[in-house]
Amino acid sequence: MVASMSHTPPPPAIVFSEDQAEAWDRVADALTEAGVDLTEASLRPDGGGNRVLSVIGKAGSGKTMLLAALYKALEAAGVETVSGDFEGKKRKDKRTLAILAPTNKAASVLRNRGVPATTIHRILYTPVYDPQYERIAEWLAGQGPRPALDGLGINGLTEEALDRAKAFYDQVKSIPGALASAGLRGSDFIQGWKRREDPLDIGFVDESSMLDERQFDDLREIFPTLILFGDPAQLAPVNQSGEMVFERPGAGEKLILHRIHRQTQDNPILDLAHALGDDDLTFETFERMVEEASRRDDRVVWAERVESDLMARSPVLVWRNATRIRLIQAFRNAHLAPADALLPGEPLICDGIELPLKHRKKRIDLEARGLIKGAQVIYLGPGKKPGFSRLHVIGAEDPRISAASIIKIELPDAEEPFIPFAARMGAAFLHGAAVTIHKAQGSQWENVQVFAPDLFAAYRAGRTEAGIALWKRLAYVAITRAEHRLLWVVRNRLARPSAPLSTEDLPRGAAPLTLAPEEE
């Protein structure tokens with residue numbers, strides 16, 4: 001008797017809507033002109049001229065599904081994905097794709113869906129590997145044979161460690177992560193970072209509503225073929241008059257996705273988001289819709305107070321800075337945080353890099369590891385040197401670092417922030433228990449708390465942005481940050497925390513890499 005064999009069923013075929021199918025065909029035509037034929041799964045060594053296309057649609061219209069399907073088709077055609085971790089020797093016949101997002105968190109959202117995304121900074125700045133470790137990186141990336149240990153001359157590296165690195169890379173396409181799993185530190189194998197000079201090939205940019213003019217110009221210099229994926233209902237970058245870069249291409253280069261797809265039609269959060277497209281909708285009517293949705297579905301919560309437990313990992317979203325500062329102070333008071341120090345587990349937001357021009361290389365080091373403006377960070381404790389902090393960068397592929405830090409805690413009714421400790425130069429941070437909706441763009445959290453009194457204030461102010469009521473744009477961005485549950489907070493109250501702050505929920509990873517600007 002022959003035993004029956006079990007087979008894993010193939011994944012279900014993707015069924016495109018008419019607008020998605022049209023967008024696919026138009027992008028495929030542009031790629032064919034550039035030398036990549038998705039239908040025949042064939043490549044030409046040289047591409048076409050410069051081309052920018054926009055794929056535009058609101059939440060739930062299928063932008064991410066289309067992006068993922070295009071990535072898989074390009075991979076099947078033999079196009080190599082560039083991650084920013086490591087790039088091997090150039091070949092004339094090689095075609096490449098980079099999938100980019102403006103922030104670590106936005107990139108990690110795509111990676112969680114099987115799309116190997118990286119940040120724009122990781123593409124603009126590339127690592128310089130020590131030649132000894134470059135051979136290991138080439139092997140991991142499939143661009144060379146497995147290196148012989150006696151030829152490498154790396155003390156303590158074993159065949160078992162190489163096996164661990166290969167197993168890691170096969171699962172997570174990260175060279176630094178794989179080398180860290182072998183017991184190596186970033187300072188061992190990365191000598192520094194350099195600004196990219198050579199152009200790449202095909203670029204996909206998600207959350208492109210966050211791109212400013214400078215980033216857009218940089219990307220156009222690097223990618224002859226650039227596809228922008230964006231949501232027209234998001235908030236435009238500050239100082240851009242409500243205009244988004246994905247609106248620049250001509251009418252024939254903008255691909256609009258309209259349909260709400262079947263898998264999103266029973267999502268009450270997306271129902272609320274799309275209700276905001278009604279020109280006649282008032283704030284009061286919208287709040288009644290939220291309240292009614294909360295009675296039907298536990299994914300929408302009519303909340304009488306802010307949950308302090310959630311603030312440690314997903315900030316309360318607000319419009320006004322004064323509200324943000326008051327909520328942060330209430331959060332710290334609830335956790336009995338001392339005025340002159342941070343507790344391990346407190347959330348931070350990177351507010352930029354404060355370094356003089358002569359320390360450009362150190363700035364690149366910090367940015368390349370994910371400390372770009374708007375990055376979410378968890379404080380782990382003080383570093384070994386005064387002014388240094390051990391940090392966990394949310395969404396980064398190699399998240400643990402120790403960096404010279406300038407941490408600012410803003411206080412209500414105080415003109416200047418309180419600085420519990422600081423290096424003379426380094427990465428600057430604000431507290432992250434509450435953030436403005438503008439800074440939340442590109443991020444998603446399982447549970448999102450939206451502070452409704454602030455949106456009501458925007459409604460009463462009567463402001464508009466690009467012809468749309470500002471409160472509607474704010475509400476749309478805020479509620480679409482929720483992956484699973486939306487808490488619509490209607491009162492200015494804070495619940496007490498149920499447990500002390502902790503860092504136990506964060507992946508351990510490798511020992512922190514120290515990034516230290518030399519002070520003079």
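Note that the numbering runs from 1 along the sequence shown for the chain. Keep in mind that this is a model prediction, so the values were computed, not measured.
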Of the non-hydrogen atoms in [X] and [Y], which two are nearest, and what is the gap between them?
| X | Y | answer |
| --- | --- | --- |
| A107 | A101 | N-CB, 3.6 Å |
| A98 | I123 | CB-CD1, 4.1 Å |
| Y379 | T503 | O-CG2, 4.1 Å |
| A341 | E346 | O-OE2, 4.4 Å |
| A59 | D231 | N-OD2, 3.4 Å |
| V79 | L97 | CG1-N, 3.6 Å |

Between the side chain of [X] and the main-chain N/O of [Y], is any donor-acceptor distance below 3.5 Å?
| X | Y | value |
| --- | --- | --- |
| T285 | F283 | no |
| D297 | A293 | no |
| T464 | G467 | no |
| R390 | G383 | no |
| R111 | P116 | no |
| S502 | E504 | yes |
| S314 | N447 | yes |

Point to revise | Atom CD of E291: over 12 foreign heavy atoms under 6.0 Å | key: yes
Check your understanding: Which is it for N104 and T119 under the side chain to side chain donor-acceptor pair (under 3.5 Å) test, yes or no, and what are the steps along the way?
Key -> CA-CA 6 Å; N104 297 292; T119 62; 4.7 Å; no
Quick check for you: to the nearest 0.5 Å, what is the distance between [X] atom [atom1] and [Y] atom [atom2]?
| X | Y | atom1 | atom2 | result |
| --- | --- | --- | --- | --- |
| L348 | S389 | CG | OG | 8.0 Å |
| I394 | S108 | CD1 | OG | 8.5 Å |
| I56 | K63 | CD1 | NZ | 10.0 Å |
| H274 | T480 | NE2 | OG1 | 9.0 Å |
| L272 | R299 | CG | CZ | 11.0 Å |
| I349 | Q376 | CD1 | CD | 5.0 Å |

Is there a side-chain contact between [X] and [Y] in this structure, where contact means two heavy atoms from C-beta onward sitting under 4.5 Å apart?
| X | Y | result |
| --- | --- | --- |
| T81 | L74 | no |
| D266 | D271 | no |
| P338 | L343 | yes |
| T436 | R324 | yes |
| L430 | K439 | yes |
| V318 | V435 | no |
| L257 | Q20 | yes |
| E22 | L255 | no |

Point to revise | Contact list for residues 324-345, test ring pair (Phe, Tyr, Trp, His ring centres under 6.0 Å), sequence neighbours left out | key: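 Listed once each, the pairs are F331-H335, F331-H431.
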Point to revise | Side-chain donor-acceptor pair present, D309, S498, cut-off under 3.5 Å | key: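 Present: a donor and an acceptor within the cut-off.
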Check your understanding: So, do F204 and Y71 have ring centers that fall under 6.0 Å from each other?
Key -> no
Check your understanding: Between W488 and F286, is the gap from one ring center to the other below 6.0 Å?
Key ->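 Yes; F286 has its ring centre under 6.0 Å from that of W488.
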Apply salt bridge (charged side-chain N to carboxylate O under 4.0 Å, His left out) to [X] and list each qualifying residue two or more places apart in sequence or on a separate chain.
| X | result |
| --- | --- |
| R313 | D505 |
| E304 | R491 |
| D278 | none |
| D280 | none |

**Study point:** Audit row: L487, V448, side chain to side chain contact (heavy atoms under 4.5 Å, CB included) steps and yes/no
**Key:** CA-CA 6 Å; L487 292 85; V448 165; over 6 Å; no
Review point. I401 and V393: side chain to side chain contact (heavy atoms under 4.5 Å, CB included), yes or no, with the steps?
Key: CA-CA 8 Å; I401 63 175; V393 183; 4.2 Å; yes
Exercise for review: Can you tell me which residue pairs pass the side chain to side chain donor-acceptor pair (under 3.5 Å) test with a partner in residues 448-461, sequence neighbours excluded?
Suggested key: E284-Y459, R320-D454, T323-D454
Exercise for review: Would you check, one step at a time, whether the test salt bridge (Lys or Arg N to Asp or Glu O under 4.0 Å) holds for D279 with K472?
Suggested key: CA-CA 10 Å; D279 292 339; K472 291 183 178 179; 5.3 Å; no
Review point. Between L281 and W471, is a side chain to side chain contact (heavy atoms under 4.5 Å, CB included) present by the stated rule, with each step listed?
Key: CA-CA 11 Å; L281 184 72; W471 79 267; 4.3 Å; yes
Point to revise | V52, V205, L200 screened by side chain to side chain contact (heavy atoms under 4.5 Å, CB included) with F223, the one that passes | key: L200
Review point. Can you list the steps and then say if D351 with F429 is a side chain to side chain contact (heavy atoms under 4.5 Å, CB included)?
Key: CA-CA 5 Å; D351 196 41; F429 297 96; over 6 Å; no
Exercise for review: Starting from the C-alpha separation in whole Å, work towards a yes-or-no answer on salt bridge (Lys or Arg N to Asp or Glu O under 4.0 Å) for R214 and D212.
Suggested key: CA-CA 6 Å; R214 182 178 177 181; D212 59 29; over 6 Å; no
